[in-house]
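Throughout, protein chains are lettered first and strands after them, A, B, ... in sequence-line order, and every chain is numbered starting at 1.
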Amino acid sequence: MSILEGQGVTKYFGGLAAVSNVDFHVDQGEIVGLIGPNGAGKTTLFGLISAAVIPNSGTIRFKGENITSLKPHQICKKGLARTFQSVKVFSDMSVLNNVTLGAHFGRLQRVSEARATDEAARLLEFVGLTGKAKVQAKDLTLANQKLLEVARALATKPEVLLLDEIMAGLNSTEITQAMELVSKIRAQGITIFMIEHVMKAIMSVCDRIMVLDHGKKIAEGTPQEVATSKTVVEVYLGE
Amino acid sequence: MNWRSLALKSFLLPGVVLLIVLIIMAALPSFGSKYSIIFLSTIFMYIVLTTGWVMFSGPTRQISLATAVFFGIGIYVAAILGMHLPLVVMVLVSGLISSVMALMVGGLTLRLKGVYFTIFTFGLLELIKNLINWYEVTFTGTRGRFVVVVNNNTIYLYMLAITGLTLLTAFLIRRSKYGLALQSIGEQEEAAAHIGINVTVMKVSIFAISAFFMGAAGAVMATRWTYIDPFMAFNMNYSFTPVLMAIFGGVGQLGGVVIGAIIFAYLEQILITQYPYYYMLLFGLVMVISMLFLPNGLAGMVQKWRARTVGGGNVHS
């Protein structure tokens, strides 16, 4: 059964259809990639799933339940967390507190102070930020801020994690580390839906890939199928 | 266990000092002069208003100018109910009515961002002031009201209690996960919502809690003035002064806020009595100088100085 699915999801910004009648599904335990040229509507689709953006029509279901009319904090408490394309860390707060907040307000109820801190420390180790716990989030490099967002999202104990371009702006070593991290997260039983421009990463890490262009889904399949699809090649390289 | 002894050390000493200060303060009416009792009540009022303002506006970074609204509501509740209710009940009712007002206003407007929210709260002050004035003139025929008289020592003790409770509440919230959540809302509201924080409930709640103390303070202070009218009760200075005091003291730390309120109140008193004609001029000058040289307030300056002399601290780790 699909853990996350959408039917006819549509969002207009003014007259422009940012996301137009898109159907999608993500199965339990999968890593699904979402690719497409700039302005294809990828981040908008993530916004629609996480309720940051309200759809004009269509329904989104999480574990069979319609979550289309919920608020962002309710979606999070259901077990669906996200990171942001343009990082949104709490910059004047310590790295540790950024993650602790996720543990306090996410899916778990009434977490003790000590347990939230332990959990946050464990997650910082998991993403590789152990030494930075006391640093203010604004003093981290962009790559580390992205890792911090991942740790903060994981602290809410999600079943599905939406990763919005966590590899953009990273060097090749960092990209390799990020790819390992994605696999490690899946190994914990968390389903991943990720937007990425780094083709090397998306092709090797994903089970399935969806391609958006001008708000429409134009292709879907295994990395192999997508890479050889004529429409996808046309969209990316021109005819 | 190491944690425990550390916590004990860092809480025990300040706790004992605070307790002694509190006992001396509470005993002051038996040996202090009448002037000091009255003056300290005024300082308490400013501490409550400033701390209340910082409770909400500090972490969320949404500048509220509604302080005078909640303070004024307390004053009016005292004027209307003061003759019929015991003082304690009247003060509690004033706080509660201010809180309810904050809940309604907050629920309607906290979606407003930045300057729009600020302007709205300022507009609210003018609206309520003029609405009550209109009501009084049209229906009661007199603009002002007399307030039940309470002796200075009682006023002092009530204000001391309210100040203590306000500071305790602010301290506890700051240390809790809710304090952290409020700060996260101020920094990145969208991200805060996506990690499960109910942003609206959080903001409206803290707005209402802070309004409770403002209203309670208003009710007690009203009894000192014995006669009030809408323009006294809803004076915009009660909205602006706490903001200035908080900025002067430093919004980041409660100690700074309190010191800011005390110094400002003292300064105001000195300037008004010694230089009544130059009062506003000097006041403005002090404000400009502190803005230029103390961008993070007194608390910020102390922190900077400490970091420099001790050579450590976690200011810029």
Side-chain angles (χ1 to χ4, degrees), chain A residues 46-47 50-53 71-84 86-114 116-117 132-139 148-149 151-158 162, chain B residues 1-4 6-7 10-11 57-61 107 110-111 113 171-206 250-253 295-297 299-300 303 307 312-317:
Chain A
F46 270 23
S50 63
V53 182
K71 294 269 189 307
H73 70 271
Q74 294 170 317
I75 303 255
C76 172
K77 285 199 196 307
K78 295 266 177 215
L80 206 155
R82 69 172 293 183
T83 67
F84 297 90
S86 52
V87 287
K88 293 188 196 301
V89 295
F90 307 130
S91 35
D92 286 335
M93 220 182 263
S94 75
V95 166
L96 186 71
N97 277 346
N98 264 270
V99 185
T100 308
L101 266 177
H104 272 308
F105 289 91
R107 213 142 66 93
L108 302 175
Q109 301 290 318
R110 305 196 169 279
V111 186
S112 75
E113 198 72 39
T117 314
K132 310 275 187 202
K134 293 248 153 61
V135 178
Q136 302 250 296
K138 65 177 169 213
D139 295 332
L148 174 56
E149 283 213 344
R152 185 177 67 188
L154 287 173
T156 68
K157 293 275 167 233
L162 309 180
Chain B
M1 71 185 190
N2 223 350
W3 262 104
R4 188 143 294 190
L6 200 75
S10 62
F11 283 115
S57 292
T60 64
R61 300 180 190 181
L110 280 173
R111 281 163 229 271
K113 296 268 151 68
F171 175 73
L172 291 177
I173 290 175
R174 229 168 234 249
R175 286 187 58 232
S176 75
K177 61 176 182 178
Y178 300 106
L180 210 55
L182 285 165
Q183 195 190 335
S184 77
I185 291 171
E187 293 198 24
Q188 284 289 353
E189 187 166 329
E190 202 187 344
H194 283 287
I195 57 167
I197 296 170
N198 190 337
V199 173
T200 313
V201 165
M202 201 69 86
K203 284 204 279 193
V204 173
S205 311
I206 192 70
V251 181
Q253 274 161 349
N296 294 316
Q303 211 169 36
N314 275 345
V315 190
H316 289 293
S317 55

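Rounded to the nearest 0.5 Å, atoms NZ (K177(B)) and CG (N97(A)) are 13.5 Å apart. Between atom CD1 of residue I195(B) and atom NZ of residue K77(A) there is a gap of 9.5 Å, rounded to the nearest 0.5 Å. For the atom pair NE2 (H194(B)) and CG (L162(A)), the distance works out to 9.5 Å, reported to the nearest 0.5 Å. In this structure, OG in S184(B) is found 8.5 Å from CZ in R152(A), a value given to the nearest 0.5 Å.
With a 6.0 Å radius and a threshold of 12 heavy atoms from other residues, nucleotides or ligands, K88(A) has its NZ atom above the threshold.
Contact detail for E190(B) and F84(A): the closest heavy-atom pair is OE2-CE2, 3.9 Å. Between R61(B) and D92(A), the shortest heavy-atom contact is NH2-OD2, 3.1 Å. Summarising the geometry of G196(B) relative to C76(A), their closest heavy-atom pair is N-SG, 3.4 Å, with the distance given to 0.1 Å. Of all the heavy atoms in F105(A) and M202(B), the pair that sits closest is CE2-CE, 3.6 Å. Of all non-hydrogen atoms in I197(B) and H73(A), the two that sit nearest each other are O-CB, 3.4 Å. When every heavy atom of S91(A) is checked against every heavy atom of E187(B), the shortest pair comes out as N-OE1, 2.6 Å.
Contact check for L180(B) versus M93(A): side-chain heavy atoms found under the 4.5 Å cut-off.
The contact between S50(A) and chain B is made by backbone and side chain atoms together, counting heavy-atom distances below 4.5 Å. Interface residue A52(A): backbone and side-chain heavy atoms are both found under 4.5 Å from chain B. Neither the backbone nor the side chain of I75(A) comes within contact range of chain B; no heavy atom of the residue lies under 4.5 Å from a heavy atom of that chain.
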